[in-house]
2 protein chains.
Amino acid sequence: MNADSIRGHLDGLLLAVLEDGPLHGYGIIEALQRRSGGALEMPTGTVYPALRRLERARWIAGDWDTVGGRRRRTYTLTRAGRRALEEQRAEWIRFSGVVGSVLGGAP
Amino acid sequence: MNADSIRGHLDGLLLAVLEDGPLHGYGIIEALQRRSGGALEMPTGTVYPALRRLERARWIAGDWDTVGGRRRRTYTLTRAGRRALEEQRAEWIRFSGVVGSVLGGAP
DNA sequence: CTATATAAGTAGCCTGTCTACATAACCAGG
DNA sequence: CCTGGTTATGTAGACAGGCTACTTATATAG
């Protein structure tokens with residue numbers, strides 16, 4: 001999975017894993033990996049800045065808590081984030097339809 | 001169609017329209033628009049540099065000719081380009097499968 | 001002659017992703 | 001005890017591709 005291909009689609013993926021319930025950054029990375037069957041191994045340098053971006057956009061809300069002596073920032077999907085996720089899904093349907101049809105191969 | 005979403009997928013689209021036969025830049029832009037039902041309106045500042053990139057990669061070969069007094073650079077898919085296109089198609093299948101499954105919404 | 005269509009191109013910006021690193025606490029094995 | 005692995009968060013800087021906004025040129029329609 002090359003780096004550029006994910007570009008512009010990461011936000012939707014992050015929102016999607018948070019739909020199942022609040023999760024912290026590290027957990028999100030693991031969830032992405034699990035849900036993609038190992039295909040998605042997002043580096044922390046990609047995910048953490050992206051989460052802050054989503055937080056700034058008010059699509060997710062972050063809270064610090066401590067579990068077993070370790071600090072975690074747990075993110076929760078906001079109402080706006082839920083709406084954004086739906087929009088991302090719709091956008092993905094459009095996008096994949098267009099690319100799929102132009103790329104063709106299978107008619 | 002946002003700007004980033006296309007990123008990393010443009011090469012495949014360009015190669016795909018050239019699969020039907022040689023075409024020049026302007027014609028490629030029109031073909032993309034036609035084949036996407038109007039969804040893809042690629043600016044020249046995106047397409048022309050991309051074509052030169054593909055040419056440098058030897059995936060397409062460009063030739064100047066003149067039609068009706070206007071100079072055109074007509075691009076033809078090379079053998080390597082054909083292989084690259086197949087790879088792009090396979091990559092797209094993988095990528096869209098992963099994103100689709102993680103993004104979910106529809107199980 | 002003016003506007004539109006055809007045709008190709010460039011300079012410079014923007015921004016999201018990656019690499020590589022730093023930090024820190026916990027735990028298991030030797 | 002201390003080494004290495006896991007959990008956990010983060011940053012700085014590089015990179016690259018697509019975009020905006022332009023330029024140039026010819027043909028054709030009005």
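Letters A, B, ... are given to chains in the order of the sequence lines, protein chains preceding strands, and every chain is numbered from 1.
For dT6(C), one of the phosphate oxygens OP1 or OP2 lies less than 4.0 angstrom from a side-chain nitrogen or oxygen of Tyr26(B).
When heavy atoms are screened at a 4.0 angstrom cut-off, Arg70(B) is found touching base atoms of the nucleic acid. Residue Gly27(B) is out of contact with every strand shown, counting any heavy-atom pair closer than 4.0 Å.
Atoms CZ (Arg7(B)) and P (dT15(C)) sit 12 Å apart, rounded to a whole Å. Residue Ile6(A) contributes atom CD1, which lies 8 Å from atom P of dC18(C) at whole-angstrom precision. Distance, Asp65(B) CG to dA7(C) P: 10 Å, rounded to whole Å. Following rounding to the nearest Å, Phe95(B) (CZ) and dT17(C) (P) show an atom-to-atom distance of 11 Å. Summarising the geometry, the separation between CG on Asp63(B) and P on dA8(C) is reported as 13 Å, rounded to the nearest angstrom. To the nearest angstrom, P of dG9(C) lies 11 Å from CD1 of Ile29(B). What separates NE2 of His9(A) from C1' of dC18(C) is a distance of 17 Å, to the nearest Å. In this entry the distance linking CH2 of Trp64(B) with P of dA8(C) reads 7 Å, nearest Å.
For Arg73(A) and Glu55(A), the salt-bridge test passes: some basic side-chain N is under 4.0 Å from an acidic carboxylate O.
A donor-acceptor contact under 3.5 angstrom links the side chains of Asp65(B) and Thr74(B), judged on distance only.
In this structure, Arg72(B) and Trp64(B) have side chains that are not in contact, with every pair of non-hydrogen atoms separated by 4.5 Å or more. Residues Asp11(A) and Leu85(A) have side chains not in contact (no heavy-atom distance under 4.5 Å, counting atoms from C-beta outward). Inter-residue side-chain proximity for Leu10(A) and Leu14(A) is flagged as met; some heavy-atom pair is nearer than 4.5 Å.
Mapping Val67(A) and Gly68(B) onto DNA chain D by nearest heavy atom places Val67(A) at the nucleotide closer to the 5' end.
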- Query: Between Glu86(A) and Arg89(A), does a salt bridge (charged side-chain N to carboxylate O under 4.0 Å, His left out) hold up when you go through it step by step?
  - Reply: CA-CA 5 Å; Glu86(A) 286 316 313; Arg89(A) 284 201 172 112; 2.9 Å; yes

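Taking the six-membered ring where the residue is Trp, Phe95(A) and His9(A) present tilted rings, their angle falling between 30° and 60°.
Taken to the nearest 0.5 Å, the OG atom of Ser36(A) stands 8.0 Å off from the CD atom of Glu41(A). Atom OH of Tyr26(A) is separated from atom OH of Tyr48(A) by 8.0 Å, given to the nearest 0.5 angstrom.
Of the residues in residues 34-58 of chain B, Met42(B), Pro43(B), Gly45(B), Thr46(B), Arg53(B) come within less than 4.0 Å of DNA chain D through at least one heavy atom, sorted by number.
From the 5' end on, the contacts that DNA chain D makes with chain A at under 4.0 Å to a non-hydrogen atom open and close at dT6(D) to dG17(D).
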